[in-house]
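Notes follow the structure.
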Amino acid sequence: MFPAGFSKCAWKGNFDKMPLIRILIFFALFCSGALFAPDTTAETKTYREISVAGFDDIIRHWQKQNDQFSYSRYTPDQIVGIADNVLLYQRDNGGWPKNVDPSRILSEQEQNQIQQDKKLTDTTLDNRNTYPQIEYLCHVYSQTKDKRYRKAAEKGLAFLLDNQFDNGGWSHSPPSTDGYHGHITFADDVMPGVLGLLRKIAEKRAPFTFIDDALRSRINDALQKGDELLLQLQIRRGDILTAWAGQYDRKTLAPVGARSYELAGLVSEESVAVVRYLMSIEKPSEKIVQAIESAIAWFKASRLYGIKIEKVTAEHVRFTYHSSDIDYRVVKDKTAPPIWARFYEIETNKPFMANRDGKKVYRLQDVLRERRTGYTWYGYWPADLLNMDYPAWKKSLSTLPQAHATPRYHAVVDADYSGKSGEKVKGVPVFAKIAEALAMVPADNSKPFMINIRNGRYHEKLSVDRPYVHFLGESRKQTIISYNDTGDSLDAYSKPLGTWGSFTLRITAPDFRAERLTIENSFDYPANAAKKDDDPEKIQNAQAVALMTDGNSDRAVFRDIAVVGFQDSLFVNAGRSYFQGCRVLGHVDFIFGEGQAVFDGCEIVSRNRVNKNPTSYITAPGTPISFPYGLLFINSRFIKETADIPTGSVRLGRPWHPGANLSSVGSAIFLDCYMDNHIGAEGYAPISAVNASGERVWFDLEPYSRFFEYGSYGPGAVSSSTRPQLSKQAAGWYTTENVLNGWIPD
């Protein structure tokens, strides 16, 4: 607003002649902060996506507590909006409150209230909180160079260091020491989570290279004390080391309980995180090795056989902290994979539970429904640790760098690396792009070429055409290879890529291996499907492959990876592949191809197609009739991504015939698999293909497919004439060794 008596033109023309008014305006702007407000132009810049997986726990708790699951949120590439929320939520003491969604778009009223709350000391490390915010801010600073984020991250680190006990521990909710909030805490990964962050900083890993020497020195001291305490607190039963408790008294170091239903005991879930942290130490001492080996032995001894936890529909109830329309019960099943209780008695190793009244019980049915559905009493947390992480760690011990020895990795890829491409750090070349590391692989490579891919999002379209390439990610949730091509995307000659060219990662050479990462085709199928058919922007061929094995691919091993897409996510089109402990997501023919593949202990996740029935076709094998085996799923779980997928609306497969080739008789076998209620009684569906004459031909099941089940269980394991079953004798033919023609993956 202009002062009375001045027009815009008069104001503009006389500004320089009115020094007093200029001073008054400057003073008003200064007081309002407008002169020194952050540069909002950064909002319009394009930044690399930064994973928000570190916030999963607090986001999930916020959603359950507020009974909200659909709301406006920043996307992972809108890093400034998310980071500004993280700044807003940071309390004056440097920590953060729990159970908020930093990606939620806040109203002005909410922002004002959060600003008023900054003086509160409701800060906590519970629910995997505070250390993820610090790491996220460091990643954002590495891209934006906005000093606000660096300052907030350093303030958060100071909060952690200032609140470490002299004995090396961290409590549940510093600075509070009331009740269990003041105990040294392992529950929700407090100790291993904080130590994991400090170790990355101490090792000068990106994006933490900006930390100054004084702060890094404090961090090194805190890390040493924390590591020593962590080893000290491993519980002994006689002379035998076992696992860790959820919490310990900060003075006596005795195991103690937390909330009324969390009694003192050995905890399986959180002990997994401790062991993984210890395994991350590059040159472990004998004491660390002993701690890991002892914990592994305890995990093996604590397995529970012959039972499974079954989810059943129940009356909808709104409790204080969550809503529930399901219930859980323990069911005997001699074919079930081993499972673990969350709590074990320290003296007897007997599994136990408790209610909010603090009374210990030994049967799930004796836990009230509010706690049965609002807390996880059984789980498979140590399974991947035992089956994948531990063998890999054991193997790494024998290849630790010695003087003049070959480095453990041939190349390291770090999305936040800003140095010279290929420059050696600790004797290993470092790159910002995976493709740059792949270029190092010799054309005639004859032994494993190990590429360590650190957490980050890599927007790259990759082809691996050289043998023995190993992609070793840092974590499945946060090491993400992503691209967004579809069948309609154009190649260098302006021709559509088609399904075969839409891949994010294609393997065309033998002996490839990938562990602990996600391969994603990020094409937004739902948004495209919502467009009108006559919209010129609508993609008509929405096939979008994430991972493809083709050409000379053979003996490919995938462990603890996720394959994420919608239509045609995983294209196993050549050779033999083995997937162990993996997670595959999609909705239309999202596991398909002519190759042979075994899925061992995997999660096969159907995604919704709104207003479509069937909502999902899981497999579309095109197995040549000359091959006795195609796709084999053993001890896997067929689940749905969201609860809104209608019951019975998903089909297990369709018999794909590339080019309407009659010699394709697809094979998909399901042995001892859990089927949720989205799997329908119809089981399978017909599929069409266009032949060489341009005619569309339809193929149904027999005689055009080989789809069979044996030992299915769960609400979707219905008896149906359209879901053929194997005899016990025939089921014995379908083994990993047989399907993979004698090859046994190591």
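Residue numbers start at 1 and run along the sequence shown. Note that the coordinates shown come from a computational prediction; the quantities given were computed from them, not determined experimentally.
Ring pair F592/F571: centre-to-centre distance below 6.0 Å. Outside the 6.0 Å centre-distance limit, the rings of W743 and Y578 are not counted as a close aromatic pair. Taking the centre of each ring, F512 and H470 stay at or above the 6.0 Å mark.
For the 3.5 Å distance criterion, the side chains of Q63 and Y71 qualify, holding a donor opposite an acceptor. No side-chain N or O of N455 forms a donor-acceptor pair with one of K477 less than 3.5 Å apart. T518 and R476 share no donor-acceptor pair across their side chains, judged by distance under 3.5 Å alone. In this model, no donor atom of one side chain and acceptor atom of the other lie less than 3.5 Å apart for R609 and T615. A side-chain donor-acceptor contact under 3.5 Å links R506 and S463. Residues H139 and D416 have side chains that bring a donor and an acceptor to within less than 3.5 angstrom of each other. Between the side chains of T335 and D333, at least one donor N or O lies within less than 3.5 Å of an accepting N or O. For the 3.5 Å distance criterion, the side chains of R576 and Q596 fail to qualify, holding no donor opposite an acceptor. Side-chain atoms of D672 and Y710 include no donor-acceptor pair closer than 3.5 Å. E436 and S421 share a side-chain donor-acceptor pair at under 3.5 Å.
In this structure, R654 satisfies the cation-pi test against Y617, with its NZ or CZ atom closer than 6.0 Å to the six-membered ring centre and inside 45 degrees of the ring normal. For the pair K308 and Y674, the NZ or CZ position fails the cation-pi test of under 6.0 Å to the six-membered ring centre and within 45 degrees of the ring normal. Because its NZ or CZ atom is not both nearer than 6.0 Å to the ring centre of F558 and within 45° of the ring axis, R513 does not count as a cation-pi partner of that residue.
Taking the six-membered ring where tryptophan is involved, the planes of F449 and H410 are essentially parallel, since the angle between them stays under 30° and well short of 60°. Between F638 and F670, the ring planes are perpendicular. Angles over 60° get that label, and only those under 30° would be called parallel.
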*Give the C-alpha distance, both sets of side-chain angles, the deciding distance and a yes or no for ring pair (Phe, Tyr, Trp, His ring centres under 6.0 Å) between H459 and Y483.*
CA-CA 6 Å; H459 185 69; Y483 212 74; 4.7 Å; yes
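Results of the side chain to side chain contact (heavy atoms under 4.5 Å, CB included) test with D389 over L385, L386, N387 single out L385 as the only residue that passes.
In N691, the CG atom is crowded: over 12 heavy atoms of neighbouring residues, nucleotides or ligands sit closer than 6.0 Å. When the shell of 6.0 Å around CG of D644 is examined, it contains more than 12 heavy atoms from other residues, nucleotides or ligands. Other residues, nucleotides and ligands place more than 12 heavy atoms under 6.0 Å from the CD atom of Q540. Sparse packing is recorded around CD1 of I625, with 12 or fewer heavy atoms of other residues, nucleotides or ligands lying under 6.0 Å away. In the displayed structure, K612 atom NZ is contacted under 6.0 Å by at most 12 heavy atoms of other residues, nucleotides or ligands.
Considering every non-hydrogen atom in both A689 and H657, the closest pair reads CB-O, 3.2 Å.
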